[in-house]
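The block underneath contains the structure these notes are about, expressed in C-alpha cells.
Below, all heavy atoms of this structure are taken into account, side chains as well, without hydrogens, waters or symmetry copies. All of these numbers come straight from a predicted model, not from anything done at the bench.
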Amino acid sequence: MTSPLIVLVASAIIVGLVGSLFILLAIGVDAWQEFTFDSSVFSAYTSNTTGTIYVTLPTQSNWYITFREFSENVWKTTYLYSEYGGAWRLCDTMSDAARSELASVYQYKAKCYNFDYRTSAASCFIVSIIDLVAAAFVGVIALTYKQVAACMVTGVLYCMAVFGLAIFHTKNYYEKELCHGLIELPALACSARNVTISWAVPCAWVGVVISAVASVLWLFLTRALR
C-alpha cells in the first residue's frame, strides 16, 4: 500500500508544476485581451464641421480611425486602431499599407512592441515568476535532503506567487478595461472602446488557483515531515 506521505509528496510536486505550467503558458502568448472600437459611436461626428469633434472612419476593417478634437484652442489628433496583447506587449491588426501610411503622419512604433507599465503591475508579475521558479528549486532541495524548513519556504513561495498574480490581474483590469491605457484616450474614444478577454486570462487564473492549492499541500507536507 502506498504511503500517505508519498502520496502527499507526489501531489505537492505535480500540483505545483501544473500551476506553474498554466501561468507560464499564459505569459508566453499574446492572447490576454483584444481592443476594438465601435464605429457606430462615431457616426454622428463624421460630418461635423462646426463642432469640437471630427472623426474620419476607415473604409476597411484593418485600417485606423482618425479622431480629431478641438481642445485648448488647438485641434488634437488621435489615431485609433484595433490591438491585441499579452502580459508584455501589444500588437495591432492593421494592414501593412495602413501601418506605412500611419508611420508617415504619426510616431508609429511597430506591429508589435513591448511596453512599460505605468504602475507596479509589472513588478508584481515579475516577482510572481521569480517565486514560481524559486519554489521549484527549493522544493527539489527540500525533498532531496528532507529539509522541513525548505518545504515551508516552498509553500510560502507559492503563496507569494498567488498574491502577486492576483495584484497583477487587478491592476491590469483597472489600467486596460477601465480605459486607463498606455496612451490617454479622449472620453468619446473610451466610450467606443471594447475590451474582449482572451483565453490566456482564464488560463492564468487557473494557474493562480492551482498554485494556491500547491501552497497548501507544501505546508501540509512540512507538518507531515515534522
Side-chain angles (χ1 to χ4, degrees), residues 1-33 84-91 112-178 180 182 197-226:
M1 183 176 179
T2 305
S3 169
L5 181 59
I6 295 177
V7 174
L8 182 58
V9 170
S11 299
I13 295 173
I14 294 173
V15 173
L17 291 176
V18 171
S20 300
L21 180 62
F22 270 91
I23 294 172
L24 294 176
L25 176 62
I27 294 172
V29 297
D30 298 321
W32 281 61
Q33 293 163 320
Y84 63 93
W88 307 108
R89 68 175 187 171
L90 287 174
C91 300
C112 295
Y113 62 93
N114 296 326
F115 56 88
D116 297 324
Y117 284 88
R118 294 161 57 183
T119 68
S120 59
S123 61
C124 294
F125 200 82
I126 294 171
V127 168
S128 296
I129 297 173
I130 294 173
D131 287 340
L132 292 173
V133 174
F137 281 104
V138 175
V140 170
I141 294 173
L143 296 177
T144 301
Y145 297 100
K146 298 180 181 180
Q147 293 292 320
V148 176
C151 286
M152 181 183 296
V153 171
T154 302
V156 172
L157 286 171
Y158 277 117
C159 185
M160 291 174 60
V162 168
F163 280 109
L165 287 167
I167 294 172
F168 172 81
H169 278 289
T170 302
K171 288 183 175 293
N172 182 70
Y173 170 81
Y174 280 110
E175 288 185 7
K176 294 184 177 179
E177 288 220 8
L178 300 185
H180 299 162
L182 300 176
I197 302 299
S198 299
W199 63 267
V201 172
C203 178
W205 272 114
V206 170
V208 168
V209 174
I210 296 177
S211 295
V213 175
S215 176
V216 173
L217 290 175
W218 276 97
L219 293 177
F220 270 123
L221 180 59
T222 300
R223 185 173 181 180
L225 289 177
R226 283 178 179 173

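Side chain of Thr222 to main chain of Trp218: a donor-acceptor pair is present (N/O by atom type, distance under 3.5 Å, no hydrogens or angles). Remark: the backbone N or O of Ala200 is not paired with any side-chain donor or acceptor of Ser198 at under 3.5 angstrom. In this structure, the side chain of Ser215 engages the main chain of Gly155 through a donor-acceptor pair within 3.5 Å.
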Donor-acceptor list for residues 20-29 side chains, cut-off 3.5 Å, not counting sequence neighbours:
unit_1, atom_1, unit_2, atom_2, d
Ser20, OG, Gly16, O, 3.0

Report, one line per pair, each donor and acceptor closer than 3.5 Å where one atom sits in a side chain of residues 138-153; sequence neighbours left out.
unit_1, atom_1, unit_2, atom_2, d
Thr144, OG1, Val140, O, 2.6

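Val15 and Ile210 make their closest contact through O-CG2, 3.2 Å (heavy atoms, listed as atom of the first residue, atom of the second, distance). Nearest heavy atom pair, residue Ala204 against residue Trp32, reads CB-CH2, 4.1 Å.
Take Asp30 and apply the side chain to side chain donor-acceptor pair (under 3.5 Å) test, not counting sequence neighbours, and it matches Arg89.
Taking CZ of Arg223 as the start and CG of Leu8 as the end, the distance is 12.0 Å to the nearest 0.5 Å. Expressed to the nearest 0.5 Å, how far CG of Leu132 lies from CG of Leu17 amounts to 10.5 Å.
The local environment of CZ in Phe220 is sparse, with at most 12 non-hydrogen atoms from other residues, nucleotides or ligands closer than 6.0 Å.
The shortest distance between side-chain heavy atoms of Pro202 and Ile197 falls below 4.5 Å. Taking 4.5 Å as the limit, some side-chain heavy atom of Leu221 sits within range of a side-chain heavy atom of Leu5.
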